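Shown next, in C-alpha cells, is the structure this report addresses.
Here the structure is a predicted model, which is why all the values come from computation and not from measurement. Every heavy atom of this structure was used, including side-chain atoms; hydrogens, water molecules and symmetry mates were not. Letters go in sequence order (proteins before strands), and every chain restarts at 1.
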Amino acid sequence: MTAQVPLDPALQSALDLTGTFAFAVSGALLAVRKRFDLVGLIILAAITAVGGGVIRDLLLGRTPPLAFRTPTYLAVALAAAAVTFVAAPQLERLKPAVLLFDAAGLALFVIAGTAAALAHHLGPLPAIGVGITTGIGGGILRDLVAGDVPVVVREDSELYAVPACLGCVIVVAAAYTHRYGTGAAAAAVLAVFGLRTLAVWRHWRAPRPRALWPRRGG
Amino acid sequence: MTAQVPLDPALQSALDLTGTFAFAVSGALLAVRKRFDLVGLIILAAITAVGGGVIRDLLLGRTPPLAFRTPTYLAVALAAAAVTFVAAPQLERLKPAVLLFDAAGLALFVIAGTAAALAHHLGPLPAIGVGITTGIGGGILRDLVAGDVPVVVREDSELYAVPACLGCVIVVAAAYTHRYGTGAAAAAVLAVFGLRTLAVWRHWRAPRPRALWPRRGG
Amino acid sequence: MTAQVPLDPALQSALDLTGTFAFAVSGALLAVRKRFDLVGLIILAAITAVGGGVIRDLLLGRTPPLAFRTPTYLAVALAAAAVTFVAAPQLERLKPAVLLFDAAGLALFVIAGTAAALAHHLGPLPAIGVGITTGIGGGILRDLVAGDVPVVVREDSELYAVPACLGCVIVVAAAYTHRYGTGAAAAAVLAVFGLRTLAVWRHWRAPRPRALWPRRGG
C-alpha cells in the first residue's frame with residue numbers, strides 16, 4: 001500500500017511562506033529579548049525560519065534545500081527581521097499574537113514535512129520523524145544559538161511536540177487511506193494549531209518520569 | 001590500493017540496533033536527570049540514538065539516512081525511551097550498566113561509521129574522521145540539546161574519543177591489509193569497549209595543554 | 001543572466017587551506033582557554049576548521065564534503081591543533097595575530113562559499129546565504145560545543161557577519177557582471193579582512209533594536 005500526497009503547489013507554497021514568516025518573527029523577538037544587535041537578530045531570524053526546512057531537505061536528499069533554491073524564503077525571513085527590528089516593542093506587547101504565529105508556523109511546517117517525507121516514499125514512522133523534525137528543528141537551532149535549552153524539551157513548555165506528532169499522524173493516516181488533500185491538510189493544520197494554543201492557554205504539561213531522587217524525610 | 005569492507009549484513013544490523021538502544025537509554029536517562037518531561041525524554045533519546053548515524057549518512061550522501069529508510073531504528077529508540085520512562089530509578093541505580101551500554105554503543109557506531117566510509121571509497125584519515133563523528137555525534141547533539149558541554153570535550157571525561165580513534169585505526173588498518181571481516185570488527189569493537197570502560201574505571205584522562213595563565217607567586 | 005565563476009583551482013585550494021589552518025587555531029585556542037584536554041582541543045580545532053565547509057557542501061549536495069574527500073583538510077586541522085597544543089602560551093600572547101588569522105579564515109571561507117554556490121546555479125540571495133553560512137558556520141559550531149553563545153550573535157562582537165555579507169555581495173556583483181576572477185576575489189577577501197580587523201580595532205558595533213523595556217523613572 002502506498003501513500004498518496006497531492007496538494008495544490010500554490011497552496012503549499014503559501015502555507016510554507018506563512019510558516020517561514022511566523023518562525024522568523026519568533027527568532028527575531030528572541031534576539032531582541034537577548035539584547036543581540038541587528039546582525040544577531042537577522043541571523044537568529046533566518047536560522048529559525050529556514051532551519052527546519054533545510055534539515056528536512058537534507059534528510060530527504062533534496063539539495064540545494066528549497067530555502068536556497070529560491071530567494072523567496074530568505075527574503076521573507078529578512079522582511080520579518082526588519083519588521084521586528086523596528087516594531088519590537090509593539091510586537092512584544094502583542095506576545096499572544098507571537099505565540100499564535102509560532103503555533104501556525106509549527107502546524108504548517110509539520111504538515112509540509114510529513115507530506116514531503118511520504119512523497120519520498122518513507123514509511124509511516126520515519127515520515128512522522130521527519131515531520132516532527134521539520135516542525136521543531138528551526139526552534140531547536142534558534143534556542144541553541146541563543147544560549148537557551150530548546151523550548152521543546154524544557155519542562156515549562158506546553159506540549160510543543162505533542163501537537164506536532166498529532167499533525168503527523170493525521171497526515172500519515174489520511175495519506176495511507178488515500179484521503180490526503182486540501183481537506184485533510186487543513187484538518188491537520190487546525191489540529192496542531194488548536195492543541196498547541198489550547199495547551200499554552202491552559203498550561204497543559206506532558207507527564208514526567210518518576211523522580212530519580214525521592215523526597216527525603218517523607 | 002583499495003580497502004575491502006565485507007561484513008555480514010545481518011550481523012552489522014544487529015550491532016547497529018544494539019548501539020541505537022544503548023545510546024537511546026543514555027539520552028533518556030540524561031532527560032530524567034534534567035527533569036525533562038516525557039516529550040523531552042523521547043526527543044533526547046531519539047536524537048542520541050540516531051544522531052551519529054544520520055550525520056554519517058549525510059556526510060556520505062546516503063539519503064534518506066538509514067534511520068529514516070526503515071522504521072526499526074526509531075522504533076528501537078522509542079522502546080528504549082519507554083523502558084527508561086518507567087524504569088528510570090532502577091536504571092539509575094544500575095549506572096555502571098548504563099556506562100557499559102554507552103561504551104558498547106560508541107564501539108559499535110565507530111566501527112560501523114568507519115566501515116561505511118571505507119565502502120564509500122574515502123581515504124584512511126577521512127574514514128577515521130567519519131568513524132569518530134558517527135560515534136560521538138549523537139552524544140554531542142544530546143548534550144547540546146540538554147544544555148551541557150558535550151561530554152567528549154569536558155575535562156572530566158575519560159578518554160571518550162581516544163578509544164573511538166583506536167577503533168577507527170584498527171578497522172582502517174585491517175581493511176587496507178585485506179583482513180577486515182567479522183574477526184577484525186570484533187577486535188575493534190572490543191578494543192573501543194575495553195579501553196573506554198578501563199578508562200572510566202581507572203579515571204584515565206588525556207593530557208592537558210600547558211596553562212595559559214601560569215600560577216602566580218610561584 | 002548567469003553568473004560566471006572561474007578561479008584558478010590551485011589558488012582556490014591554497015586559500016581554502018589557509019582558512020582551514022586559521023580557523024583550526026582559533027578552535028584550539030578556545031579549547032585551551034576552556035581548559036579542555038588534548039582530545040577536546042583536537043575535536044574543537046577540527047569542528048571549527050571543517051564545519052563551515054562541510055555545511056556548505058551538504059547544502060550544495062556535494063557529498064562526501066571536500067574535507068572528507070581529501071585528507072589535506074583534516075591533516076591541516078590536526079597540524080594546527082598540534083602547534084597550538086605545544087605553543088598555546090606564546091599564541092595567546094600573540095592574540096592580535098590570532099584575530100588576524102580568524103579574520104583571514106572568515107574572508108577566505110566566505111568568498112569560497114559564495115563562489116561555490118554561484119557555480120551550483122544558486123541565485124544572488126541564496127548564494128549570499130551560503131557564503132555567510134560557510135564563513136560563520138564553523139565558528140558557530142565551535143562556540144556551541146565549547147558552551148558559549150556564538151560570537152557572531154554576541155552583543156560584544158565587532159561586525160563579524162557584516163564584513164562577511166560585504167564579501168558575498170562583492171563576489172555576486174562581480175560574477176553577475178562577468179568580472180569575477182583573481183582580481184575580484186582578492187578585492188573581496190581584502191574587503192572582508194579589512195572591515196573585520198578595522199571593526200575589531202575601533203570596536204565598531206552593529207545597531208541594536210529599541211529596548212523592549214524602556215528605562216523606568218526616565
Check each atom of Ile136(A) against the heavy atoms of chain B and say whether the ones under 4.5 Å are side chain, backbone, both or neither. side chain
Heavy-atom side-chain contact between Pro71(B) and Pro126(A) under 4.5 Å: yes
Could you name the residues of residues 144-154 of chain B that have a heavy atom within less than 4.5 Å of a heavy atom in chain A? Leu144(B), Val145(B), Ala146(B), Gly147(B)
Interface check, chain B: of Leu59(A), Leu125(A), Val162(A), most non-hydrogen pairs under 4.5 Å belong to Leu59(A)
Extract all donor-acceptor atom pairs below 3.5 Å that involve side chains of residues 39-53 of chain A and protein atoms in other chains or at least two apart in sequence.
unit_1   : atom_1 : unit_2   : atom_2 : d
Thr48(A) : OG1    : Leu44(A) : O      : 2.6

Mind checking the CZ-OG1 spacing from Phe68(B) to Thr133(A)? Nearest 0.5 Å is all I need. 4.5 Å
What's the separation between atom CZ in Arg62(A) and atom OG1 in Thr63(B), rounded to the nearest 0.5 Å? 11.0 Å
Let me confirm one number: the CD1-CG distance from Ile55(B) to Leu58(A), rounded to the nearest 0.5 Å. 11.5 Å
